[in-house]
Amino acid sequence: MKRVVSLLLGATALIILTGFTVIVAVYLWASHDLPSFTRLTDYNPPLTTTVYTRQGEVMGYFYREKRFLVQLADCPVHLPRAFLAAEDQSFYQHPGVDLSAILRAMIRNLMAGEIRQGGSTITQQVIKQLVLSPEKSFERKIKEAIIAYRLEKHLSKDDLLTIYMNHIYLGAGAYGVEAAARAYFGKHVGELTLAESAVIAGLPKAPSEYDPHRNPDKTRIRQEYVLGRLLELGWVTQAEFDEAMAQPLHYRRMEDPSWKVGAYYLEEVRRWLTDALSQKNLSRQGIVLPKYGEDAVYELGLQVVVGMDMTHQRAAEAALRRGLEASTRRRGWQGPLRQLAPAEFESFLAGQHIKPESLVDGAWVQALVTKVTPEAATVRVGPYQGRIALKTMSWCRKPNPAVSFEAVAPPKDATRILAVGDVVWASVIDPRLPARPVEMHLDGPALARNGQATQATQAVDPAQGLTLALEQKPKVQGALVSLEPGNGEIRAMVGGYSFEESQFNRATQAQRQPGSSFKPVVYSAALDNGFTPASIIMDSPAEYRVGNQVWRPSNFEGKFFGPTLLRTALVKSRNLVTIRIAERIGIDTVIKRAKALGLEADFPRNLAVSLGAVAVRPINLCQAYTAFARPDGATIGPRMVLVVRDAWGQNILLPQPVVTPAISPENAYLMASMLKDVVQYGTGRKATVLGKPIAGKTGTANDEQDAWFVGFSPTLLTGVWVGFDQVTPMGKLETGGRAALPIFVSYRQSVEHQYPAVDFPMPQGVVLASVSETTGLPVPSTAPDSLILPFMAGTEPQAMAGDFTGELPAGMSTDPALGGALQPQGQENGNATDGASPPPTRPPSPGEELFKQLF
């Protein structure tokens, strides 16, 4: 008997020991899966990165799971209560596992003969989502329970509920309550009513089945259940319950602004972030993140503030689109989008799905031509009739790049342009508004295009028949960059006509020849190498031998103007003067100045560089011009991103302006002054409509392949480029002044009100002097041809012709052949090279010999 008792006791002890060992083993087995976070701030789920403009408007999102992190305090009090009522009413009482809930669920499931209710607490659901697999097994439930007990020792109940409400999938691509509030009610979580909170709290059970957009009736049933549980638990009053039950539910999605306004800018920010948040880059700064590169951008829920201003961006996009549309009209009619057979008409129209509310002034639609007379074309747009009058086709000439549009008479017969079956682009004209002219020059105030009405936003009545204008999408492309030279912040960036059609950002990626917009680099170098704004340089024919080729540069007008002031040569964009200056100071000096201004091109050592025969990026050229706009003569690097914060609002990166000394303040002021004259009296005259001190320079590459204008005030600098992606002539007279400058003006007219009218401050090392525009000699300011020009102190003309006394400024001499005018040494007697005295060993260039023969 004693032996039996001993055996039983031993067996019992063994069973207890074995059970204890199993429990310990299971506990240890489960323990290694404890989540790594022991504080709420350690919680790092995949979150949505949000990009904000400088004013705090949402510009766009980057994400893999659309989830926005919110604190419990951000939620209305009835939202977490609704989740607890539906999912875990004893959450604040149990230690992580609710045995009574498990028992209730077991009884109900046995009675139903199937699993209808779970007994998992919110803590267990957090573990299931973050740590364990979703499989249903006894093994996983044990593990889940053990981890739940341990997790509750590290995190508070509020922390666990915060994690749950941010992590739970709620259907419609929404992870967490903030994303769900946006997806179902078009509002932020803090704005949810009790009725709306009950809808969202009812979704975890079956997000697809209770999706309000798909199954509103089932959603209503589930909402009533959640509200009933809240009433049953005493967490809402009867009056609150009744009010919530009576509230109508209006489901709508919050519009996602991503890739709409500022799409090129947003994509450039994404690229910048991917590079800036690389592990290699951050490790150099001693910054550690849970993820790096693209993973950081798409999963860390960063808060990114950029320099973009929505007013600037919208104006820039509208101006560039209108400018490119005007450009394509100047080249003539490219033909219809497609030609349909009569049997295809109805299927095409049925597939259009035209919404009447979208038919506002300026909106573009595809129209099917059903009848054409000499005076107009009758068209169909979906179920609606329309008319395109001949007067809207005035630009539809046969394309000929050798002839400007002014030289061709407008068409007089619509049948020579359109035919039945043509599918064409057309824009809606609201007859209630003043007549909209066909834009060819793009001069004057910005007009509404592409659905942005100026005086009326209501749609036209299509039942009355649509009034339309013939349109065509441009093949020509363009770019615009606008930044503040004081801080480098990019207020607007547009990289092409349509981001949807082409993601190539021409503002930052295109390499194009700047033409005459490079000339300020040459003139800036000249001012530091013996020239002044009053220096006289000969504008006359020249030729240069390059290998077996002879280069005979000419001015745009094909004329030569003889002795010319350096200032006038820049204002009038004289090519021959620029070449002679570059030859005189040396092309290496020009290249050195270009590099000092931050231009990144690989410059060949030939004189053609002085006329912009080297490819640069638009944003890089704008950076170089900041030296002329800033009073210190330094360049500043363009900045998009101003601050990067983590999901909890802690700063990660604070990019600072990169300011690089480039030229002297005196040089910067002289250049700004001469470039202001370009606007007042030269190729930039259209910018005078802004009514403020504006400096700038046009540029046109050979055969009108590229058109530029870079213009600036002390407060804002804007560069515009226009051209075909595949280098091709744009057509006769498609210059910087015609193709690019009007885009600049149109954009700046919309934003100039944000800036005061301030002029460029004159530094102490600059003096003003009155000189003759013809000779460069000092004259009274009342003289008919007098110009008040700035000079670096000590370089201003000191005496009248033949009456100079005193010490000459360094590097200067008088030239008797030009009436005693002050000139850089080596330029005497009308020397055609107009540069530094050549070494004695250098033979005369062909240009010098030619000049001696002609003059």
Side-chain angles (χ1 to χ4, degrees), residues 514 516-540 542 553 563-597 599 603 605-612 624-625 627-628 633 662-678 682 695 697 699 765-766 769 771 776 787 789-797 808-813 815 818 821-828 830-838 847:
S516 293
S517 57
F518 182 82
K519 288 177 181 176
V521 177
V522 180
Y523 285 73
S524 172
L527 293 176
D528 287 338
N529 287 273
F531 286 85
T532 76
S535 295
I536 294 288
I537 305 96
M538 189 61 66
D539 182 10
S540 59
T564 304
L565 255 63
L566 181 141
R567 167 264 180 196
T568 304
L570 181 59
V571 170
K572 302 299 183 182
S573 200
R574 303 287 190 231
N575 290 341
L576 271 298
V577 171
T578 305
I579 293 169
R580 287 197 167 95
I581 291 173
E583 186 179 24
R584 185 81 168 98
I585 64 177
I587 196 63
D588 288 337
T589 302
V590 173
I591 294 172
K592 183 179 179 181
R593 178 54 49 92
K595 294 291 186 182
L597 292 169
L599 290 173
F603 292 92
R605 295 182 66 254
N606 63 60
L607 287 175
V609 167
S610 65
L611 301 184
Y625 269 68
F628 308 138
I663 56 179
S664 68
E666 294 79 12
N667 189 298
Y669 180 79
L670 264 61
M671 289 304 305
S673 177
M674 291 192 292
L675 291 171
K676 277 202 309 179
D677 284 353
V678 171
K697 186 69 186 76
V766 171
V771 300
L787 287 175
L789 296 181
F791 297 87
M792 296 183 191
T795 67
E796 68 274 17
L808 289 172
M812 303 295 289
S813 64
D815 186 351
L818 291 176
L822 285 172
Q823 296 294 330
Q825 289 179 354
Q827 192 173 302
E828 298 89 347
N831 190 332
T833 60
D834 296 316
S837 295

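The analysis underlying the following values was restricted to heavy atoms, covering all of them including side chains, and did not include hydrogens, waters or symmetry mates. Numbering starts at 1 and runs along the sequence shown. Bear in mind the structure is a predicted one, so any value in this text is a computation, not a measurement.
- Screening residues 521-532 for salt bridge (charged side-chain N to carboxylate O under 4.0 Å, His left out), with sequence neighbours left out, gives Asp528-Arg593.
- With a 4.5 Å cut-off on side-chain heavy atoms, Ile579 and Leu611 count as touching.
- For the pair Ile663/Leu527, no side-chain contact is recorded, criterion being any heavy-atom separation below 4.5 Å from C-beta on.
- The two residues Glu796 and Ala769 make their nearest non-hydrogen contact at CB-CB, 4.2 Å.
- In summary, the side chains of Ser516 and Ser573 do present a donor paired with an acceptor at a separation below 3.5 Å, with no hydrogens or angles considered.
- Atom CE of residue Met671 and atom NZ of residue Lys676 lie 13.5 Å apart, to the nearest 0.5 angstrom.
- Residues Arg605 and Asp588 meet the side-chain proximity criterion, which asks for heavy atoms closer than 4.5 Å.
- Leu670 is listed as a side-chain neighbour of Pro533, based on a closest heavy-atom distance under 4.5 Å.
- You'll find the side chain of Leu565 reaches within 4.5 Å of the side chain of Ile536, heavy atoms only.
- Considering only heavy atoms from C-beta on, Leu566 stays 4.5 Å or farther from Val577 through its side chain.
- In terms of heavy-atom proximity, Met538 sits nearest to Arg580 at O-NH1, 2.9 Å.
- Across all their heavy atoms, Ser610 and Thr578 have their closest contact at O-CG2, 3.6 Å.
- Side-chain N or O atoms of Tyr669 include none that pairs as donor or acceptor with a backbone N or O of Gly765 at under 3.5 Å.
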| task | Would you sort out whether Leu675 and Leu570 count as a side chain to side chain contact (heavy atoms under 4.5 Å, CB included), showing the intermediate values? | result | CA-CA 8 Å; Leu675 291 171; Leu570 181 59; 4.0 Å; yes
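- For Lys519 against Lys697, the heavy-atom pair with the smallest separation is CD-CE, 4.4 Å.
- Counting only heavy atoms from C-beta outward, the side chains of Leu576 and Ser540 never approach each other to under 4.5 Å.
- When all heavy atoms are compared, the tightest approach of Tyr523 to Ile581 is CE2-CD1, 3.8 Å.
- When side chains are defined from C-beta on, Asn606 does not count as touching Ile587, because their heavy atoms never get closer than 4.5 Å.
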| query | For Met674 and Leu789, what are the C-alpha separation, side-chain angles and deciding distance, and is it a side chain to side chain contact (heavy atoms under 4.5 Å, CB included)? | reply | CA-CA 9 Å; Met674 291 192 292; Leu789 296 181; over 6 Å; no
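- Considering all non-hydrogen atoms of both residues, Val521 and Val590 come closest at CG1-O, 4.0 Å.
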